[in-house]
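The structure presented is a predicted model; accordingly, all values stated were derived computationally and were not measured.
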Amino acid sequence: MRYLPLSDTDRGEMLARIGVQSVDELFADIPKTMLLKEPIDLPRRKGELEVERILSRMSSKNVSASSVPFFVGAGAYKHHVPATVDHLIQRSEFLTSYTPYQPEIAQGTLQYLFEFQTQVAALTGMDVANASMYDGSTGTGEAVLMAHRVTKRRKAVLSGSLHPHYVDVVKTLSEMASDDVVTMGPDVSGTEDILSQIDDSVSCVVVQTPDVFGNVRDLEAIAAKAQQHGALLIAVFTEAVSLGLLQSPGSMGADIVVGEGQSIGNALNFGGPYVGLFAAKSKYIRQMPGRLCGETVDADGNRGFVLTLSTREQHIRRDKATSNICTNSGLCCLAFTIHMTLLGQAGLTRLARVNHANAVKLADLLDDVSGAEVLNKAFFNEFTVKLSKPAAEVVERLAEKGVLAGVPVSRLLPEAGLDNLLLVASTEVNTDDDRAALVAALKEVL
């Protein structure tokens, strides 16, 4: 039987205290056209065994990333994760760990978080990194809020090549805080005049490299212009492996670097959980969100670790908190740390070179297909292809042929008029046979 702990009187008192007449008023922000007029057409009851069979039949319709040639990217990438990573993170002392509230007694947890921070700082070319964010998109939103705190300004300029999901998160957070957001139009070529948007009213400029269309961006001129006007440059990435080959954002003058770390140690997992990487210049350390682990010595002079900064309102006075992020992605950043440790600097560089080489091979092959044109002049492992037909239609037809070809730009930017553009990613998991299958199927469809 249903368990209803609240009586009508209880609910009435709660609504009155809130100041509304009915439960429906709590959902007033939802457009009426989106509300269901009747219950969803589902059976009222089924046994557990019946439900398992129904869901199994439904899931069997999916085409998994490991079963066919796979070229999907756009912010989430299929890489090989060594079996060692999953084996180690499933040790009980890791699997049950949580952000410590009495941190000094959890030296193992603090040590791997410290190692994680060290790796992220080295990758991004920054002075300091925190102990992770939820993911790249929410990390970008936190970076914008941090820039507002540092500059005492409330206006952010977003590149037209920033991942649309990241843009949406920034807009949502900014709307709640009544901050100003200037979003430039979609920039397929990566040649937008973002310098013209920077003036003394701007808090920060947010630029992604490689951007959502695959273009590798030079940030030095943007960083210099931002510095002239007292603004901060926030550099964003969605493909962490690219940091093994490309010039680091820190070396190009970025003030804050934030991105998605899923590519290292974390499988696709049907959309998550992922791990956000966040790094900054040391002078901004007290404005960083999340947690920061530090190294010290104990009373006997032995090496130890401490939770140096913890900036959410549960730990310090609410008006002093820089963020309300409630945890770090502990298990995911542990997987990142283990995988990165297994690779080492030389291994990461080799992995990045293989990714780039595979993408170049695929781009050359696709450029020879009638009705397909690669638009990028420089890219890492992802690029944009212009097709002679709508990309969404082509992707569906290729899926029927057993090839997952990429992400239609129209899926990310449905109103931008870029329906014929396809984002294609090629990592170390793609073989010559995979590339041949994509090219052959594309020739048939186009």
Test Arg217 against Asp211 for salt bridge (Lys or Arg N to Asp or Glu O under 4.0 Å), laying out the working first. CA-CA 7 Å; Arg217 305 287 291 269; Asp211 65 28; 3.5 Å; yes
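- Looking at heavy atoms from C-beta onward, Met146 lies in side-chain contact with Ile256 at the 4.5 angstrom threshold.
- In this view, Asn130 satisfies the side-chain hydrogen bond (donor to acceptor under 3.5 Å, both in side chains) rule with no residue, not counting sequence neighbours.
- At a cut-off of 3.5 Å, with distance as the only test, no side-chain donor of Tyr77 or Glu260 sits close to an acceptor on the other residue.
- No side-chain heavy atom of Glu382 sits less than 4.5 Å from a side-chain heavy atom of Pro210.
- Side chains of Ser251 and Ser248: a donor-acceptor N/O pair is present below 3.5 angstrom, by distance only.
- Leu292 places a side-chain heavy atom less than 4.5 Å from the side chain of Val128.
- Remark: the backbone N or O of Thr431 is paired with a side-chain donor or acceptor of Asp434 at under 3.5 angstrom.
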Working note: Gln119 + Thr341, criterion side chain to side chain donor-acceptor pair (under 3.5 Å); need CA distance, chi angles, decisive distance, verdict. CA-CA 9 Å; Gln119 291 172 342; Thr341 302; 3.2 Å; yes
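- Salt bridge Asp127/Lys281: absent, no basic N to carboxylate O contact under 4.0 Å.
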What verdict does the side chain to side chain contact (heavy atoms under 4.5 Å, CB included) test give for Asn381 and Asn358, after you've listed the backbone C-alpha separation in whole Å, the side-chain angles of each residue and the deciding distance to 0.1 Å? CA-CA 7 Å; Asn381 67 358; Asn358 281 355; over 6 Å; no
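- For the pair Asn215 and Ser189, the minimum side-chain heavy-atom distance is 4.5 Å or more.
- Remark: the backbone N or O of Gly47 is paired with a side-chain donor or acceptor of Glu50 at under 3.5 angstrom.
- In this structure, Glu220 does not pair ionically with Lys225, as no charged nitrogen and carboxylate oxygen lie closer than 4.0 Å.
- Side-chain polar atoms of Ser263 and Lys78 form no donor-acceptor pair below 3.5 angstrom.
- Salt bridge absent: Asp180 and Arg154 never bring a charged side-chain N and a carboxylate O closer than 4.0 Å.
- In this structure, OG1 on Thr337 lies 10.0 Å from CD1 on Ile264, to the nearest 0.5 angstrom.
- Minimum heavy-atom separation, Asn376 to Phe213: ND2-O, 2.9 Å.
- In summary, the side chains of Ser137 and Thr140 do not present any donor paired with an acceptor at a separation below 3.5 Å, with no hydrogens or angles considered.
- Scanning both residues, Ala235 and Ala254, for their nearest heavy atoms gives CB-CB, 3.9 Å.
- A donor-acceptor contact under 3.5 angstrom links the side chains of Glu239 and His79, judged on distance only.
- Open room surrounds CD on Gln227; 12 or fewer heavy atoms of other groups in view lie less than 6.0 Å from it.
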Given the rule in the side chain to side chain contact (heavy atoms under 4.5 Å, CB included) test, do Leu6 and Met14 qualify, once you have shown the distances and angles that lead to the verdict? CA-CA 10 Å; Leu6 299 177; Met14 294 168 67; 3.9 Å; yes
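- Val202 and Val205 make their closest contact through CG1-CG2, 4.3 Å (heavy atoms, listed as atom of the first residue, atom of the second, distance).
- Looking at Phe71 and Leu438, their side chains come closer than 4.5 Å, going by heavy atoms from C-beta outward.
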For a side chain to side chain contact (heavy atoms under 4.5 Å, CB included) check, start with the C-alpha distance between Asp187 and Ser159, then their side-chain angles and the critical distance, and finish with the verdict. CA-CA 8 Å; Asp187 177 34; Ser159 164; 5.6 Å; no
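- When all heavy atoms of Val403 and Ala437 are compared, the closest pair comes out as CG2-O, 4.1 Å.
- Across every non-hydrogen atom of Phe237 and Leu243, the tightest pair is CZ-CD1, 3.9 Å.
- Residues in residues 162-178 take part in no side chain to side chain donor-acceptor pair (under 3.5 Å) pair, two or more places apart or across chains.
- Atom CD of Gln287 and atom CD1 of Ile285 lie 11.0 Å apart (nearest 0.5 Å).
- Residues meeting the ring-ring contact (aromatic ring centres under 6.0 Å, His included) test with Phe116, sequence neighbours left out: Phe336.
- Within the 4.5 Å cutoff, the side chain of Val275 has no heavy atoms near those of the Gln262 side chain.
- Remark: the backbone N or O of Thr427 is paired with a side-chain donor or acceptor of Asn430 at under 3.5 angstrom.
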With salt bridge (Lys or Arg N to Asp or Glu O under 4.0 Å) as the test, would you mind laying out the steps for Lys401 and Glu396 before giving the verdict? CA-CA 9 Å; Lys401 296 178 178 296; Glu396 290 298 326; over 6 Å; no
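- Rounded to the nearest 0.5 angstrom, Leu348 CG and Leu343 CG are separated by 6.0 Å.
- Nearest heavy-atom pair across Glu428 and His80 is OE2-N, 2.7 Å.
- Using a 4.5 Å heavy-atom threshold, the side chains of Leu366 and Leu442 count as touching.
- Considering CD of Gln111 and CZ of Phe305, their distance stands at 4.0 Å, rounded to 0.5 Å.
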Test Leu423 against Leu412 for side chain to side chain contact (heavy atoms under 4.5 Å, CB included), laying out the working first. CA-CA 10 Å; Leu423 303 179; Leu412 301 175; 3.8 Å; yes
Derivation of the side chain to side chain donor-acceptor pair (under 3.5 Å) call for Thr138 and Asp135: CA-CA 6 Å; Thr138 54; Asp135 55 25; 2.7 Å; yes
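- Without hydrogens or angle criteria, Asp298 side chain to Asn302 main chain gives a donor-acceptor distance under 3.5 Å.
- Of the N and O atoms on the side chains of Ser329 and Ser132, not one donor lies less than 3.5 Å from an acceptor on the other residue.
- Taking a 6.0 Å sphere around CZ of Arg303, one finds it holds more than 12 heavy atoms contributed by other residues, nucleotides or ligands.
- Note that the CG atom of Leu398 and the CG atom of Leu422 stand 8.5 Å from one another [nearest 0.5 Å].
- Between Leu362 and Val424 the shortest side-chain heavy-atom distance falls below 4.5 Å.
- The distance from atom NZ of Lys46 to atom CD1 of Ile54, rounded to the nearest 0.5 Å, is 5.0 Å.
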